[in-house]
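Read the structure below first, then the notes.
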Amino acid sequence: MPYENVIIEPVTDRRALKDFIRFPFRLYKDDPYWVPPLLMDRKQHFNLKKNPFYEHAHVQLFRALADGETVGVIAAIVNDMHIKTWKENIGFFGEFECVNDQNVANALFSAAGNWLAEQGMDAMRGPASMDVNDILGLLIDGEPGQPVILMAYNPPYYEQLYETYGLTKSKDVYAYYADLEEYGEELEGVPEKVHQVAEIARQRFNVTIEHVSKANFDEKIAEIKPIYQHAWEKNWGELPMTDAEFNNLANTLKMFYQPELTYVAYIDGKAVGVFVGLPDFNQVLEHMNGRIVPFGWAKLLWYKPRINGMRILIMGVLEEYRLKGIEAVFYEEGARYGRSLGMRHIECSWILEDNYRVRRSIEMMGARIYRTYRIYDKLLEPSA
C-alpha cells in the first residue's frame with residue numbers, strides 16, 4: 001500500500017542528521033551490491049566546518065516520514081560556484097534515497113524543488129553529491145554488481161520514481177570496463193595501435209612520466225593542481241575547485257592512492273598531464289559496515305591486499321598538449337602497473353556521452369561501456 005500521510009521535515013539538528021545518514025543502511029540492508037560508506041566520512045561530508053564545499057554553497061536536507069518512520073531523504077543544493085561559472089540559476093538535488101513509493105518520492109522532490117525556487121533557482125539538476133566533482137548520476141543501465149569506489153549505486157526502481165515525477169534527461173555519463181587479464185603478462189594483448197601511439201609520444205614529443213611517491217607527494221600535488229584546475233574546464237558542467245577543496249581532495253587521495261598507479265606526464269620538463277588509478281576500496285568497505293572501530297582496521301588490513309580491481313579516477317591533459325599520445329602512455333603504464341599489483345580489471349569513469357575524443361581513446365584500449373548513469377533536470381515554478 002502506498003504511503004498516504006507523508007510528512008516532510010527539514011533536518012535541523014544532530015539527531016535528525018544522524019537519522020538522515022543512517023537511513024540508507026536500513027534501506028539497503030538486504031541488497032547484496034550496496035557498499036556501506038564509512039560513517040565518519042558521511043559525518044564529515046555534512047559538516048559545515050570540515051567540508052570546504054560549504055564555503056561557496058548552501059544546502060538544505062529533508063527527511064520524509066510516514067507513521068513516525070523515515071522513509072526517504074534528499075538534499076537541495078545551491079552551488080554559487082556553478083552559478084558563477086555557467087551563468088545559470090540551476091540548483092541541484094542529491095543524497096536521494098527512498099522506499100519504492102511514488103508518493104514519498106514526489107514529496108521529497110517537491111520539497112527540494114520548492115526550497116530551490118525560494119532561493120531563486122530556475123531549475124534543479126541531479127542527483128549530485130554535492131556537485132560534479134563528487135558522486136554523480138543515477139545508475140539506469142548496466143551489468144549487475146557492486147559499484148567501484150566513489151561511483152553511484154541505487155535500486156532499479158529509482159528511474160521510475162524520477163521520471164514519473166517529471167524529471168527528464170539532461171546528460172548521460174558512462175563507465176567503461178576493461179579486463180586486464182586479457183592484456184597478458186607482457187601487455188601483448190594491448191592493441192598494437194596503443195603501443196605505437198605511446199612510442200610516438202615518447203620519441204617524437206619527448207613525453208616522460210614520474211610516479212607520485214610518498215616522498216615527493218607534496219611536490220607533485222603542486223604540479224598537478226593547475227592541470228586539475230584547467231584540463232576539464234570546457235567539459236559540460238565542470239567546476240573549478242577552490243584551494244581548500246583541492247587540498248581536501250589531495251589529503252583524501254593521500255590515504256588511499258597507490259604510488260604505482262599515480263603519475264604526472266611531462267613534455268620537456270613541464271607537467272602537462274595527470275593520471276590517478278585508485279584501487280577499488282569498495283572491495284574493503286563492503287566488509288566494514290561503515291565502521292573503523294572496533295574491527296574495521298583489522299578488516300582493512302586483511303582485505304586491502306586482496307583488492308583486484310581499480311578505477312581510473314583522474315586522467316587529464318592540458319588542452320594545448322593533447323593529440324600527442326599522452327593518453328596512450330597513461331593507458332599503457334596503467335595496465336602495466338595494474339597487472340603487476342594483481343589487478344584483474346579496470347573501470348574508467350565517468351565519461352560524458354558526448355566526449356567523443358576521450359571515448360575513442362578509451363575504446364582504443366578495448367574497453368567497453370558497461371554501466372550508464374543519468375543526470376536529470378526539471379524546471380521549477382517561480383516561488384510566490
Taking every non-hydrogen atom, the tightest pair across Ala265 and Ile326: CB-CG2, 3.8 Å
Polar side-chain atom of Asn216 near backbone of His211 as donor-acceptor pair, under 3.5 Å: yes
Test item: Pro240 and Glu245 side chains (from C-beta on) under 4.5 Å apart, heavy atoms: no
Polar side-chain atom of Asn282 near backbone of Leu285 as donor-acceptor pair, under 3.5 Å: no
Verdict with reasoning, His82 to Glu88, per side chain to side chain donor-acceptor pair (under 3.5 Å): CA-CA 8 Å; His82 180 92; Glu88 56 183 9; 2.8 Å; yes
Asn251, CG atom: more than 12 neighbouring heavy atoms under 6.0 Å: yes
Least distance between heavy atoms, Met310 atom then Gly277 atom: CE-CA, 4.0 Å
Distance, nearest 0.5 Å, that separates OH of Tyr228 from CG of Leu318: 14.0 Å
Any donor-acceptor N/O pair, Asn206 side chain to Ile267 backbone, under 3.5 Å: no
Hydrophobic cluster identity match, Tyr321 and Leu323, side-chain contacts under 4.5 Å: no
Lys220 side chain vs Val212 backbone, donor-acceptor pair below 3.5 Å: no
NZ/NE/NH1/NH2 to OD/OE distance under 4.0 Å, Glu333 and Arg202: yes
Shared hydrophobic cluster for Ile77 and Leu379 (ILVMFWY, side-chain gaps under 4.5 Å): no
Arg374 CZ to Thr168 OG1 distance, which is reported to the nearest 0.5 Å: 9.5 Å
Distance-minimising heavy-atom pair for Ala128 and Phe92: CB-CD2, 4.2 Å
From CA spacing to verdict: side-chain contact (heavy atoms from CB on, under 4.5 Å), Val71, Asp101: CA-CA 9 Å; Val71 291; Asp101 187 288; over 6 Å; no
Side-chain touch Arg357/Arg322, heavy atoms, less than 4.5 angstrom: yes
Chi angles and distances behind the side chain to side chain donor-acceptor pair (under 3.5 Å) call for Tyr303, Glu286: CA-CA 10 Å; Tyr303 287 107; Glu286 66 173 317; over 6 Å; no
Close side-chain approach of Glu199 and Gln196, heavy atoms under 4.5 Å: no
Closest approach of Ala117 to Leu380 (non-hydrogen atoms, all atoms of both residues): N-CD1, 4.0 Å
Side chain Asn47, main chain Lys43, donor-acceptor under 3.5 Å: no
Heavy atoms of other groups near Lys18 NZ, more than 12 under 6.0 Å: no
Spatial distance of atom CD1 (Ile375) from atom CG (Asp172) [nearest 0.5 Å]: 7.0 Å
Glu143 side chain to Arg371 backbone, donor-acceptor under 3.5 Å: no
Main-chain N/O of Leu187 paired to Arg336 side chain as donor or acceptor, under 3.5 Å: no
Greater than 12 external heavy atoms within 6.0 Å of Asp13's CG: yes
Derivation of the side-chain contact (heavy atoms from CB on, under 4.5 Å) call for Met343 and Tyr337: CA-CA 9 Å; Met343 303 298 174; Tyr337 284 100; over 6 Å; no
Phe93 and Phe109 aromatic ring geometry - parallel, tilted or perpendicular at 30°/60° bounds: perpendicular
Where Tyr331 and Ser361 come nearest, the two heavy atoms and their spacing: OH-OG, 3.1 Å
Exam field: side chain Asn51 to backbone Phe46, donor-acceptor pair closer than 3.5 Å: no
CZ (Arg368) with more than 12 external heavy atoms under 6.0 Å: yes
Among Thr164, Asp141, Ile140, Asn154, the one residue meeting side chain to side chain contact (heavy atoms under 4.5 Å, CB included) with Glu159: Ile140
Charged N-O contact under 4.0 Å between Arg339 and Glu185: yes
Reported CZ-to-CD1 distance for the pair Phe62 and Ile74, which is rounded to 0.5 angstrom: 8.5 Å
Linked, directly or transitively: Ile135 and Leu253 (ILVMFWY side chains, under 4.5 Å): no
Ring geometry between Trp115 and His58 (parallel below 30°, tilted from 30 to 60°, perpendicular above 60°): perpendicular
Phe20 CZ: over 12 foreign heavy atoms closer than 6.0 Å: yes
Any Glu347 side-chain heavy atom under 4.5 Å of Met151 side chain: yes
Worked check of salt bridge (Lys or Arg N to Asp or Glu O under 4.0 Å) between Arg360 and Glu327: CA-CA 11 Å; Arg360 282 194 297 270; Glu327 291 92 343; over 6 Å; no
Test: Asp19 and Arg26 ion pair at under 4.0 Å: yes
Arg204 atom CZ, neighbour heavy-atom count above 12 within 6.0 Å: no
Basic-acidic side-chain contact under 4.0 Å: Lys225, Asp243: yes
Under 3.5 Å donor-acceptor, Arg291 side chain and Leu39 backbone: no
Pairwise side-chain contact, Ile314 with Trp232, heavy-atom cut-off 4.5 Å (strictly under): yes
Single-linkage hydrophobic cluster Tyr33~Tyr28, side-chain heavy atoms < 4.5 angstrom: yes
CZ on Phe256 to NZ on Lys304, rounded to 0.5 Å: 9.0 Å
Backbone N/O of Val148 and side chain of Tyr153: donor-acceptor pair under 3.5 Å: no
Side-chain touch Gln146/Gln283, heavy atoms, less than 4.5 angstrom: yes
Heavy-atom closest contact (Cys98 atom, Leu108 atom, distance): SG-CD1, 4.1 Å
Ring geometry between Tyr263 and Phe330 (parallel below 30°, tilted from 30 to 60°, perpendicular above 60°): tilted
Exceeds 12 heavy-atom contacts within 6.0 angstrom, atom CD of Glu186: no
Close side-chain approach of Arg63 and Val73, heavy atoms under 4.5 Å: yes
Aromatic plane relationship, Tyr162 with Tyr158 - under 30° parallel, 30 to 60° tilted, over 60° perpendicular: parallel
Validation row: Gln102, Tyr165 side chains within 4.5 angstrom (heavy atoms): yes
Joint cluster assignment, Leu161 & Leu65, ILVMFWY side-chain distance < 4.5 Å: no
Nearest-0.5 Å distance that lies between atom CE in Met241 and atom CZ in Phe246: 8.0 Å
Other residues, nucleotides, ligands: >12 heavy atoms within 6.0 Å of Glu188 CD: yes
